[in-house]
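To keep things clear, I will list the structure first and then write my remarks on it.
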Amino acid sequence: MAIERYNAPEREKHWQSVWESRDVFRTVTDPSRPKCYVLEMFPYPSGRIHMGHVRNYTMGDVLARTKRAQGFNVLHPMGWDAFGMPAENAAMERKTHPKAWTYENIAAMKSQLKSMGLSLDWSREVATCDPSYYVHQQRLFLDMFARGLAYRRKAKVNWDPVDQTVLANEQVIDGRGWRSGALVEQREREQWAFKISAYSDDLLEALGTLDKWPEKVRLMQENWIGRSDGLMMRWKLADGTAPAGHDELEIFTTRPDTLFGASFMAIAPDHPLAKAVAAQNAALAEFSDECRRAGTSAAEMEKAEKKGFDTGIRAVHPFDPSWQVPVYVANFVLMDYGTGAIFGCPAHDQRDIEFAKKYGLPIIPVVAPKDEPARGKTVARIHEGAAYLDDGVMINSHFLDGLSPKAAFDEVARRLAKERIGNEPVATRKVNYRLRDWGLSRQRYWGCPIPVVHCDACGIVPVAAKDLPVVLPDDATFDQPGNPLDRHPTWRHVSCPKCAAPASRETDTMDTFVDSSWYFARFTAPDAVTPTDQAALDYWMPVDQYIGGIEHAILHLLYSRFFYRAMGDTGHAGLRNLREPFAALFTQGMVVHETYRRADVEPPQWLLPTEVSFEGEGDARRGTEIATGKPAIIGSIEKMSKSRKNLVDPDDIIAHYGADCARWFMLSDSPPERDVIWTESGVSGAGRFIQRVWRIVDDVVGGRVAKGTPQPATVGPEALEVRRIAHRVLDQVGRNIEGLRFNVAVAQLYELSNALSGALGKSGDGLDWVVREGAELLIQMLGPMMPHLGEECWARLGYNTLLVEQPWPKADPALLVDDTVVIAVQVNGKRRDELTIGRTASKDEVEAAALQLATVVRALEGRPPKKVIVVPQRIVNVVV
RNA sequence: GCGGACGUGGUGAAACGGUAGACACACAGGACUUAAAAUCCUGAGACGGCAACGUCGUGCGGGUUCAAGUCCCGCCGUCCGCACCA
């Protein structure tokens with residue numbers, strides 16, 4: 001009799017309401033239990049969830065549910081990264097309010113997430129745009145301000161002309177704003193910054209402790225922080241060549257060992273010395289202006305030719321008063337790194353050698369390979385214009401000759417530390433970092449207000465704690481560009497908290513990355529009256545597994561590492577004062593899909609997957625636009641995006657196949673760190689598997705042994721084999737889930753269900769009992785991945801408990817080892833045969849058995865083997 | 001330019017240095033059916049052979065090892081990050 005198909009969409013709603021009504025996912029802070037904090041990067045409420053969210057949140061949910069079954073007290077919260085530009089753009093375009101738009105989106109997306117059946121504790125939900133969240137952020141900010149970790153500075157900033165706001169260095173990608181895509185301009189502005197540079201060394205060093213982070217992310221952060229060890233070195237300027245008041249020039253170098261290869265100095269156009277000369281030299285002033293103009297766009301800067309202007313100043317070599325080198329103003333020297341001045345050693349720096357060739361400066365090799373003829377070749381190549389960067393031995397360098405560059409570095413540092421200009425040493429060791437302070441001011445409305453007041457008399461005055469939060473005014477207008485807070489008629493006009501004189505509220509708001517830099521801490525005690533609750537933090541932190549996209553490798557993940565340190569130093573990170581918020585990080589791949597577009601149209605007109613029909617397969621596969629009947633081009637597989645229209649709506653999939661099907665497909669096949677190609681056939685395959693599980697369970701409950709039947713006395717060999725598979729899979733699936741190898745876990749569950757399907761058609765000693773046992777294990781293991789199907793099957797198997805509340809089953813160790821093993825037999829490393837033998841057989845027994853095999857005898861041709869390698873329970877290799 | 005990752009059937013992929021291709025998708029053949037859908041069974045890395053079986057096979061070229069997809073060296077290709085950082 002045909003059984004009824006499992007109606008996923010209908011049953012999923014049922015089980016979701018059961019979970020909700022029993023409040024099974026509420027988490028209580030309970031230090032007596034082992035904890036596990038599973039977190040996925042919270043979404044920006046753009047309006048609807050997309051497949052990337054489905055993948056991300058499915059992975060976290062599987063882990064959270066598994067850990068919960070394994071007895072951990074699991075924290076698995078969700079919230080909204082709710083401030084940001086799109087809300088203001090929507091307000092401008094649609095005449096709505098950012099707040100209304102955001103909260104509507106949150107409601108819609110929350111309902112979508114609920115339809116996925118995620119095991120989230122919604123009682124801990126936070127939205128960063130809610131005053132109940134950002135009041136605490138304002139407190140954190142003021143504490144950081146009091147400690148000098150947040151400060152105001154005048155600086156060159158990245159100005160996004162489209163979003164009309166300042167961007168942090170991390171938010172400029174290839175010279176363009178990360179959000180708007182507009183070419184970023186450099187502008188001088190007063191703005192707020194976080195002193196992330198105070199933690200450069202700690203942030204770098206501690207990367208070494210993050211052994212559960214991807215190597216790639218650690219490396220990216222390492223490069224971003226960019227430590228370099230070198231020397232600050234002061235050069236005297238030759239008398240009469242430099243303007244008054246400039247009798248020395250300080251440079252930073254990481255290659256003091258190449259000091260005897262120096263042939264020029266170069267300084268930034270904005271260097272004080274350059275400005276002093278330019279004041280009297282129109283040609284240089286013109287040159288500097290040109291450099292600055294070219295410098296307005298980072299993209300142009302990359303391609304710019306290296307140019308210099310000889311100032312006529314001469315600098316005196318620290319070891320040889322008679323040796324003078326020219327000082328150039330150069331377009332490639334940056335004012336904000338080191339001292340804005342360098343010495344050029346052309347032979348050992350590719351950029352310097354290009355510069356030297358262009359301006360006819362000497363090129364003196366000072367490092368070369370130890371041995372001829374490599375040395376001769378290297379010197380020749382240097383003179384052809386190829387800088388030598390490898391290790392070697394010092395040459396042409398007086399007292400350094402023969403030393404290694406490393407020893408030469410130390411020797412130069414040692415000698416120059418003793419030399420004096422005035423009372424100061426000529427050179428001191430110095431560590432420089434590429435990492436800049438984090439500019440956090442944004443000239444936008446929809447962000448966390450910076451809680452300070454500008455008073456003519458008192459300067460910058462923090463808003464008193466009792467007056468927090470500084471709340472955004474609801475009645476702002478969005479009908480023109482610029483900052484709505486600036487033009488609000490009343491909001492900014494306040495009296496000074498200190499002297500009560502009329503004063504002006506800060507109208508910049510915080511970068512939204514501030515909001516996401518501590519939300520994970522707030523989740524541990526979302527109702528605390530202080531920003532964090534020390535006891536809750538001490539119990540829950542760090543996040544045991546954080547899951548999100550690689551695009552945050554630097555931005556969010558570096559900011560959060562900094563912010564948690566700053567919270568610690570202002571007393572907000574728990575009594576244990578952990579420094580690292582995320583113990584383990586996993587960066588999942590993207591969801592990609594084929595693209596479709598109309599034929600012969602430029603620019604491309606993209607079509608939605610639902611607008612195209614297909615026939616044929618492989619190379620012969622053709623697409624047709626359904627509406628017009630015209631051919632559609634099947635294009636490359638790309639990240640799902642609105643612009644390419646290669647989108648699949650999670651709602652459609654959930655409504656048609658169910659959430660479990662979408663979840664199962666996301667977990668199958670592709671390793672989670674790689675991209676997954678969304679295909680219709682893959683989804684329907686997942687759907688077929690759901691029905692198959694349903695049929696297995698149906699078969700088990702129909703006429704087979706009942707729930708709780710004791711194990712029969714005899715279990716035949718066929719049944720035993722099924723048991724072995726079930727317990728072996730059980731043993732491995734848990735480990736594979738913990739290791740986030742979901743695709744492998746899925747494959748093993750397929751293997752088990754194949755074994756059960758195969759056994760269902762047969763009869764044998766104890767087989768019915770074994771199949772029921774296997775089916776129950778299958779359902780328990782499937783539970784974290786397809787939780788609705790799991791509950792439905794669990795109930796059908798006769799249980800009136802909830803599967804989600806069942807402990808994780810344990811494999812029987814006795815079933816994990818077989819009495820006999822199959823050993824591969826190789827001759828000269830090539831597999832020739834196999835051998836079935838007792839598991840405990842000795843090496844000698846295995847060797848003897850192997851040598852009797854016909855294939856081996858044939859290969860030996862009567863001679864004794866040269867050597868026989870036996871790896872017990874694995875392999876025999878006969879060397880002839 | 002610098003740094004990193006990856007490269008396995010038609011496809012997505014598995015594989016503590018130890019039987020390469022588990023599992024899935026697609027495909028082919030068969031069963032059931034008036035038929036289709038659904039389901040079940042079977043097959044399949046390539047080449048040769050009716051078959052038993054043989055030869056080759058994890059981007060290319062070397063090396064280490066009894067044994068290499070896995071370790072080492074050198075290439076090629078693809079992708080990603082950084083890019084005047086002194």
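Letters A, B, ... mirror the listed sequences (proteins, then strands); counts begin at 1. Excluded from the calculations below are hydrogen atoms, water molecules and symmetry mates; all remaining heavy atoms, backbone and side chain alike, are included.
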State which of [options] makes the closest approach to the side chain of [X].
X        : options                : result
A:Val744 : B:rA86, B:rC66, B:rA15 : B:rA15
A:Arg695 : B:rC40, B:rA86, B:rA26 : B:rC40
A:Ile869 : B:rU19, B:rC66, B:rA13 : B:rC66
A:Phe332 : B:rU19, B:rC84, B:rA22 : B:rC84
A:Leu219 : B:rG12, B:rA22, B:rG3  : B:rG3
A:Arg434 : B:rU19, B:rC82, B:rA86 : B:rC82

Contiguous pairing runs of three or more, Watson-Crick or G-U under 3.5 Å, that involve RNA chain B =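 Runs of three or more consecutive pairs: B:1-7 with B:76-82, B:10-12 with B:23-25, B:27-31 with B:39-43, B:45-48 with B:53-56, B:59-63 with B:71-75.
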Distance flag, aromatic centroids of A:Tyr359 and A:Phe264, threshold under 6.0 Å |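 No - the distance between ring centres of A:Phe264 and A:Tyr359 does not fall below the 6.0 Å cut-off.
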Separation between the C1' atoms of B:rU11 and B:rA5, rounded to whole Å |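 Pairwise C1' distance, B:rU11 against B:rA5, rounds to 22 Å.
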Remember a base hit wins even if backbone is also touched, and classify A:Asn743 as base, sugar-phosphate or nothing at under 4.0 Å, heavy atoms.
->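 Sugar-phosphate, no base atom in range.
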Touch class at under 4.0 angstrom, heavy-atom based, for A:Val878 against every strand present =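 A:Val878: no heavy atom of the nucleic acid under 4.0 Å.
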Check whether any side-chain N or O of [X] sits under 4.0 Å from OP1 or OP2 of [N], and answer yes or no.
X        : N      : value
A:Arg688 : B:rA24 : no
A:Lys216 : B:rG4  : no
A:Ser668 : B:rG12 : no

Quick one: list whatever passes ring-ring contact (aromatic ring centres under 6.0 Å, His included) with A:Phe252, sequence neighbours left out.
->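 Checked A:Phe252 against ring-ring contact (aromatic ring centres under 6.0 Å, His included); zero matches.
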With A:Arg434 as the cation and A:Trp224 as the aromatic partner, state whether NZ or CZ is under 6.0 Å from the six-membered ring centre and within 45° of the axis.
->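 Judged by the rule, A:Arg434 and A:Trp224 form a cation-pi pair.
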